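Computed from a predicted structure; not experimentally measured. Atoms within a ligand are numbered from 1 in the order they appear, just like the ligands themselves. These numbers come from the heavy atoms of this one structure, side chains and all, not from hydrogens, waters or symmetry mates.
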Amino acid sequence: RARADGQGTARFFEAGMDTALTARHSLEGALRQAAAAEEFALHYQPVFDLRSRRLMGFEALLRWSHPGRGVVSPAEFVPLLEQTGLILPVGAWVLRTACREAARWPAPVGVAVNLSPAQFRRGEVLQAVRSALAESGLAPGRLTLEITEGLLLEHTEAVLTTLEALHALGVEIALDDFGSGYSSLAYLWRFRFDTLKIDRAFVRELRRDGKAAAIIESIIGLGHSLDLRITAEGVETEEQLTALSGVGCDEVQGYLLGRPMPAAEATRLAEAMPPQGTRSAA
Ligand code: C2E
Ligand code: MG
Ligand code: MG
Ligand code: MG
């Protein structure tokens, strides 16, 4: 128990920090071995066109199954990958694997990959994307890169240059978690995104005629006037789906329509639901 003289309090906190640091170090050590031990895998969550119900593609989501810890959430280990720099080799692996697995799906079913700001900071992302495309033979138009607003806050000029170079390869760029962070509309003017993903937090609050619906409707109006495709993430109920349909949302993703699944299952789903037409025709 911490004493009132302050000394005990300090010791109490030090002990707490030690425990946190030890836990962090052991997680970090486990992460370092994870890649070599092939404990990482990608799961794929389907994204559908709302009007036609056509399967447009899948979002690749990183999974880590540690023999002792079980499945660890990316919310827990992605920040650690970023802090340790491990996000560079792991991020390159994600790109390679997602492109290789997506190349087996019937065209034009695509794949979306989440990128971390750290991958931009070291300027390695362009080369990683180029080689993932070259190795897999995946048509660049079938790959979407998802970035978050946080990335645009820092090193903006360098980031914009890299985004332009990625666009020039023919891949699509999505702004993920829109509305969750700083949401400066200025970002929408600085770069021509292809897709805007409305954050789950808005979809969760969605009721017919509610405030969230009004906000989503205006985001969609703005997005459409800038020629963006709008995807809503985290769709869990029929009520949300109906409301999204009413405000003109283009694409939907969420547990109601499909949970993230292993690659083999995603391939079966893609083959069972052959898409017609092209992505841009949607
Ligand atoms: P995100 O990119 O916004 O991905 C969507 C998250 O929402 C995923 O969580 C997905 O499983 C979850 N989700 C989808 N539909 C629903 C729904 O209907 N209800 C609820 N409650 N959740 C839903 P997940 O897989 O835990 O990933 C969390 C975050 O970790 C991702 O958010 C992304 O920011 C990051 N992440 C995942 N994979 C990677 C990766 O390969 N690289 C990087 N840099 N980050 C990744
Ligand atoms: Mg995402
Ligand atoms: Mg998201
Ligand atoms: Mg999110």
Please find out if the Mg ion (ligand 3) and some N, O or S atom of [X] are separated by less than 2.8 Å.
| X | value |
| --- | --- |
| E59 | no |
| E233 | yes |
| D177 | yes |

Can you confirm whether or not the ring centre of F191 sits under 6.0 Å from the ring centre of H167?
yes
Should [X] and [Y] count as an ion pair when the cut-off is N to O under 4.0 Å?
| X | Y | answer |
| --- | --- | --- |
| R142 | E172 | no |
| E39 | R63 | no |
| D177 | R200 | no |
| R229 | E251 | yes |
| K197 | E146 | yes |

Contact (N/O only, under 3.5 Å) between Q119 and ligand 1
no
Starting from the Mg ion (ligand 3), look over the N/O/S atoms of D176 and name the nearest one.
OD1
Identify, by atom number and element, the atoms of ligand 1 in contact range of [X], meaning under 4.0 Å from any of its heavy atoms.
| X | result |
| --- | --- |
| V94 | 41 (O) |
| Q45 | 14 (C), 15 (N) |
| E236 | 17 (C), 18 (O), 19 (N), 20 (C), 21 (N) |
| L61 | 4 (O), 8 (C), 10 (C), 11 (O), 25 (O), 37 (C), 38 (N) |
| P260 | 11 (O) |
| G254 | 15 (N), 18 (O) |

Would you kindly specify which portion of [X] sits under 4.0 Å from ligand 1, judged on non-hydrogen atoms: side chain, backbone, both or neither?
| X | value |
| --- | --- |
| K197 | neither |
| L42 | neither |
| R63 | side chain |
| L81 | neither |

Tell me whether S131 contacts the main-chain N or O of Q127 through its side chain, where contact means a donor paired with an acceptor under 3.5 Å.
yes
Taking D199 for its side chain and F202 for its backbone only, find out whether a donor-acceptor pair lies under 3.5 Å.
no
Parallel, tilted or perpendicular, judged at 30° and 60°: which one describes the rings of F40 and F77?
tilted
Is E59 in contact with ligand 1, taking contact as a heavy-atom separation below 4.0 Å?
yes
In terms of its nearest heavy atom to atom 30 (O) of ligand 1, the top option of A60, A112, P74 is P74
Under a 3.5 Å threshold, yes or no: a donor from one side chain and an acceptor from the other, between Y255 and Q45?
no
In terms of side-chain heavy atoms, does Q119 have a donor or acceptor partner in E124 at a distance below 3.5 Å?
no
Can you tell me the N, O or S atom of E146 that's nearest the Mg ion (ligand 2)?
OE1
